[in-house]
Amino acid sequence: MERMNTLGVKTRPLIVSEIRKDFPIFNQHDGKKLFFLDSAASSQKPVQVLQAMDHYYSTTHANVHRGVYHIAEHATELYEGARATIGRFVGAPNPSRETIFTKNATESINLLSNSLTRGTLKKGDVVVLTEMEHHANLVPWLMAKEQFGIEIRYIMVDENGYLDLQNIDELLQNAKILSVSLTSNVLGTINPIRRLADLAHEHGAIAIGDGAQYVPHLSTNVTDLGLDFLAFTGHKMLGPTGIGVLWGKSELLESLPPFMGGGDMITDVRLDGFTPNELPWKFEAGTPPIAEAIGLAAAVDYLENLGMDAIRDHELELLSYAFESLESNFGKDLVIHGPRNVNDRGGVISFDFKNIHPHDISQVLDQSGVCVRAGHHCAKPLMRHLGIAATARASFHIYNDRSDVDALVDALAKARAFFG
Amino acid sequence: MERMNTLGVKTRPLIVSEIRKDFPIFNQHDGKKLFFLDSAASSQKPVQVLQAMDHYYSTTHANVHRGVYHIAEHATELYEGARATIGRFVGAPNPSRETIFTKNATESINLLSNSLTRGTLKKGDVVVLTEMEHHANLVPWLMAKEQFGIEIRYIMVDENGYLDLQNIDELLQNAKILSVSLTSNVLGTINPIRRLADLAHEHGAIAIGDGAQYVPHLSTNVTDLGLDFLAFTGHKMLGPTGIGVLWGKSELLESLPPFMGGGDMITDVRLDGFTPNELPWKFEAGTPPIAEAIGLAAAVDYLENLGMDAIRDHELELLSYAFESLESNFGKDLVIHGPRNVNDRGGVISFDFKNIHPHDISQVLDQSGVCVRAGHHCAKPLMRHLGIAATARASFHIYNDRSDVDALVDALAKARAFFG
Amino acid sequence: MPGLEDLYREIILDHYKNPRNEGIFPTPPALKAEGHNPLCGDELTVYLLLEGDVIKDIRITGQGCSISRSSASLMSVAVKGKTLQEVDRLLKIFKSMMSISTNSSGEAEVVDPVEYSERELGELIALQGVVKFPVRIKCATLSWNTLVQALEDRAS
Amino acid sequence: MPGLEDLYREIILDHYKNPRNEGIFPTPPALKAEGHNPLCGDELTVYLLLEGDVIKDIRITGQGCSISRSSASLMSVAVKGKTLQEVDRLLKIFKSMMSISTNSSGEAEVVDPVEYSERELGELIALQGVVKFPVRIKCATLSWNTLVQALEDRAS
Ligand SMILES: Cc1ncc(COP(=O)(O)O)c(C=O)c1O
Ligand SMILES: Cc1ncc(COP(=O)(O)O)c(C=O)c1O
């Protein structure tokens, strides 16, 4: 069975009941169903990913890059093969050189803020961010500001949860860097990244994308998006913890000084200095997350096998269903933050519910096996903008279907009865 | 059966045949025995470690620290519990506050070089290292030198592979930091860390230990060692890749500025600045290596169950056997680097063999299933000191026994016949 | 898994819906301290009117979940009119009740176990069930920590 | 798993034990370039004496494993007396022979496959087996890359 997605591309619909069989966490035999609606914080892992790592550890583990013996050689091939797979997944023109493994998206952005500031920026140079950024795309720049005196400007968020681009040309005046999330982890807003990147380039600025919430859910091509750098993280895209990715244009990566120093990132070390290695190793100091890279490549295979367009279609369908269902059940008692048009959103729904504190919502929902996140979602400036301290947030991935939304609605009804 | 170790402590000898059953890589059914003598590069993993991670992913995975629902709460408990276990393993007085998870030992040292230089050091301040350091404990300081103009001095290595401490007081004059490996990954030398740390303190300097090759093999107590900071890495101590550790004294950690910025390491973020979090989270930006911490805690349990003193006894016994066996078989054809006294060594044997290039040695050995490392072992300055470009290196862990040494000797004899 | 009724006792819901001693006092004469829970964004401000070593009156404002709000309200009732010594004893008892081997953040907040009778705790005992929900302990202790801070600021 | 004899052909061992064209030339008139393999520490220096566009003579010094030393020796024999065009053709053929889909470092060194006859390769064909040991490819290509560097330095 095929259907057309919004782009007119045929996709095979996800069969969630089959998908859930691949995820051990949904097959625990304690008799309680798990309604996991917190994939924006971290996704669950299919058995294929766990097996890829176990198989690696059980047959081939050795440190990479320096061994002549066959398991070390094979480990290196698997690690570098994972790099190529993951680079290709985001459309990297030169996946083997431009894909850098870090420990999470946060390190990817710190690498950039550190290397770019030391390598390119001077006191007073301007970095443009947005009010809806995750702390991962705020604090590294605030630290660079403290240390080097750069100036930070913010694109504000309008009342519908979109970026307010009225004064964008003014903001980009003399900017050296624009760094923006592709999808907001709170509002769900999918930002017009191509347009922003083009504008940045017109002003001579570098365009950085925080793809932590985008890459796991939508087909990604760094060239089409017009980006110079893209950061994302393994654990939100069915991969293991302990691994993140930075993709960057070769010319730019080549021009930057290294971030951390140590083994593998050098070609020579003397008592008085060192010579950095070639790309991508220049940015990978010490023993890398080998098993994690292999696990993430297995996750990418899993996602590609389902098809990123099919995944997007599935999430759009769920989003629409959730919007309708929440509205018809709770009307004005429940306020969803962010764009009304689901096509402008990732699979993330942050909401306020009847003055019930998000902690209490989450607690009551947990009693019904419904997992939602409650808090500031590492976006305190955005929270201030919204005038609240916290929200509850439900988010989807491939293993969710309407039954999760129904469970959410039922549990919310219980919470209302309890605190009402 | 018990025996006395050098300290007069009774230890239970390791039963290697039983231990090997726990390591899937030694139980592959391709009919070839694996003689893995490269644990100094990275150790193999017991099934207990793999199962701890799989069990976590299969039952409890969720992002830590922010979730109210029960699996997130349980994930947080497991993660923080792992921290306490690992901190206690190295004798941290306050394991829950002083144990910081990084991605590897290299990041741990970069964290220090970065935060200490920004926080404490000024141009011209002196950092004392040694000529035998791994690049992980050289390049971060060389980078700090480039950026901040600190001065680096080196303790030299004498002809027997020991640190030359004759001019140590001179070297420590005005020093702010001393950073030294506890065990050399090339020479095997176990350095007199307590004495060095005391001397550093007398001169008002901070004492940092690189325990990457020590913690996996010897009972470690940071207080007894007199250290202010200790860096080590998971994958060399039966743990997974993707995790490293930094232990530090609370007062010092508190006085340092954070290294990377992002989620979890803050208590507040505003558009114009941020407030760092308390210890240990202040130094953990973004989603941490959750499963990896849990895996490393399982590895620590495994090691403690065998007993670190028993492990040390086992390695000493193997070292002695290897020294004798290599000598009696190859005489002057084979030159072992580092101390002659096995009591001063970790389970690492670097050697030159009859002018046969280490690459060729490793290649021929691989044909017999014997895995040794060949190269500069990320210690180029030491290699220059030794006047060679590379060595072959055999190293031990708990799953090795005399049969590994015998296989090494047999394979070396073959190499000699081949290239002789 | 412990049930909701362990956490949300009737007294708690009552104090949540009808918080006692809500409001502010001008400073001076009142002592004031702000507390916040960085993980969830909860914020509380505590105002104290001292007379000698007696807490003559107390006001609390802020935003937070049912546990942090009701705990603040319960605390305000419990400490009003008490001497600082009595408050100190209550604090120790409360912390002792809230202490578990590892709390959710794994903090080894060393709390000396204190012997106490239920009578001493009064209505505060309604918060006992929070211990079964480690993440929420910080919610319950926020107001007490803020109170301590207000008193400490005065001391210095 | 490929066997040792795939790698260590007799010709290779011969060139390893008796390297041809070992030594140095004064510079100038000789061109000179240093190459090294950072992963294993191998170092080579290549000296070239050109006459017009012919490599009149060549010397090589350095340290390295049997593969890198014998490859250098084999190269020196192969290029001596050849025109730069002929050398360029040999280089392309050699690189093509050494190319595999991913080498051990995963570098996507894009090498255009070249059609060639075994006759063109001559003794160099002894290095064919190296392809089965991806880690060693860098050893075999080090001398060729250093040669290219020497010629490029001249061009600039
Ligand atoms: C002495 C020493 N220090 C530091 C390291 C770095 O460890 P990692 O690569 O895990 O960061 C190593 C291992 O390679 C080592 O042997
Ligand atoms: C938009 C966004 N950016 C960055 C991050 C940071 O990812 P990580 O914690 O894996 O570094 C997250 C997730 O927490 C996120 O949602």
Side-chain angles (χ1 to χ4, degrees), chain A residues 24-25 28 38 41-42 44-45 50 54 57-59 61-63 66-71 103-107 110 135-136 138-140 142-143 154 235 240-243 260-263 266 268-271 273-274 285-287 289-292 359 362-363 366 371 373-375 378 380-381, chain B residues 24-25 28 38 41-42 44-45 50 54 57-59 61-63 66-71 103-107 110 135-136 138-140 142-143 154 235 240-243 260-263 266 268-271 273-274 285-287 289-292 359 362-363 366 371 373-375 378 380-381:
Chain A
I25 203 162
Q28 289 175 273
D38 193 22
S42 196
Q44 298 302 338
K45 326 298 173 198
L50 306 184
D54 281 346
Y57 280 129
S58 302
T59 61
H61 174 67
N63 213 330
R66 285 177 298 259
V68 175
Y69 57 87
H70 70 283
I71 62 173
K103 71 173 170 187
N104 52 27
T106 303
E107 185 192 336
N110 276 271
H135 293 166
L138 290 171
V139 184
L142 290 168
M143 286 171 67
Y154 294 93
H235 66 93
T241 54
I243 188 158
M260 292 197 233
I266 53 90
D268 193 22
V269 178
R270 300 164 308 280
L271 291 179
F274 68 97
T287 304
I290 308 170
E292 290 76 4
H359 261 192
S362 177
Q363 192 86 61
D366 184 37
C371 307
R373 187 111 326 204
C378 293
K380 288 201 105 181
Chain B
I25 202 162
Q28 290 176 272
D38 194 21
S42 196
Q44 299 302 338
K45 326 297 172 199
L50 305 185
D54 281 346
Y57 280 130
S58 302
T59 61
H61 174 66
N63 214 330
R66 284 177 298 259
V68 175
Y69 57 87
H70 69 282
I71 62 172
K103 71 174 170 186
N104 52 26
T106 303
E107 186 191 335
N110 276 272
H135 293 164
L138 290 171
V139 184
L142 290 168
M143 285 170 68
Y154 295 93
H235 67 93
T241 55
I243 188 156
M260 293 198 233
I266 54 90
D268 192 23
V269 178
R270 302 163 307 280
L271 291 179
F274 69 97
T287 304
I290 308 169
E292 289 77 5
H359 260 192
S362 176
Q363 190 88 60
D366 184 37
C371 306
R373 187 114 324 207
C378 292
K380 288 201 106 183

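Naming convention: chains lettered A, B, ... in sequence-line order (proteins, then strands); numbering from 1 in each chain. Fair warning: this is a prediction, and the values are worked out from it, not measured in the lab. We use all heavy atoms of the structure for the numbers below, so side chains are in, but hydrogens, waters and symmetry mates are not.
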Give, as side chain, backbone, both or neither, the part of [X] having an atom under 4.5 angstrom from any heavy atom of chain B.
X      : value
A:Q28  : side chain
A:I266 : side chain
A:L138 : side chain
A:N63  : both
A:Y154 : side chain

### Query
Highest number of heavy-atom pairs under 4.5 Å with chain A: which of B:I290, B:I71, B:D38, B:D268?
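Max contact count across the listed options: B:D268.
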#### Entry: Partner chain A: residue of B:A62, B:C371, B:C378, B:P240 with the largest heavy-atom pair count (under 4.5 Å)
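Top count of heavy-atom pairs under 4.5 Å with chain A: B:C371.
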Measure from the side-chain N and O atoms of [X] to the backbone N and O of [Y], and report whether any donor-acceptor pair falls under 3.5 Å.
X      : Y      : value
B:D366 : B:S362 : no
A:K380 : B:L271 : no
A:S58  : B:P24  : no
A:K103 : A:T241 : no

### Task
Report yes if the side chains of B:Y57 and A:Q44 come closer than 4.5 Å at any heavy-atom pair, otherwise no.
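B:Y57 vs A:Q44: side chains apart.
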### Task
Tell me, for B:E292 versus chain A, whether the close heavy atoms (under 4.5 Å) come from the side chain, the backbone, both or neither.
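Both parts, backbone and side chain.
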### Query
Can you name the closest pair of heavy atoms from A:H235 and A:K45 and give their distance?
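A:H235 and A:K45 have their closest heavy atoms at O-NZ, 2.9 Å.
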### Query
Any idea which heavy atoms bring A:H135 and B:G263 closest together, and the distance?
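Smallest interatomic distance, heavy atoms only, reads CB-N, 3.9 Å.
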### Task
Find the one option among A:A291, A:A136, A:A285 whose heavy-atom pairs under 4.5 Å with chain B are most numerous.
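The candidate making the most pairs under 4.5 Å is A:A285.
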#### Entry: Winner by heavy-atom pair count (cut-off under 4.5 Å) against chain B, out of A:L50, A:V68, A:I243
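Heavy-atom pairs under 4.5 Å are most numerous for A:V68.
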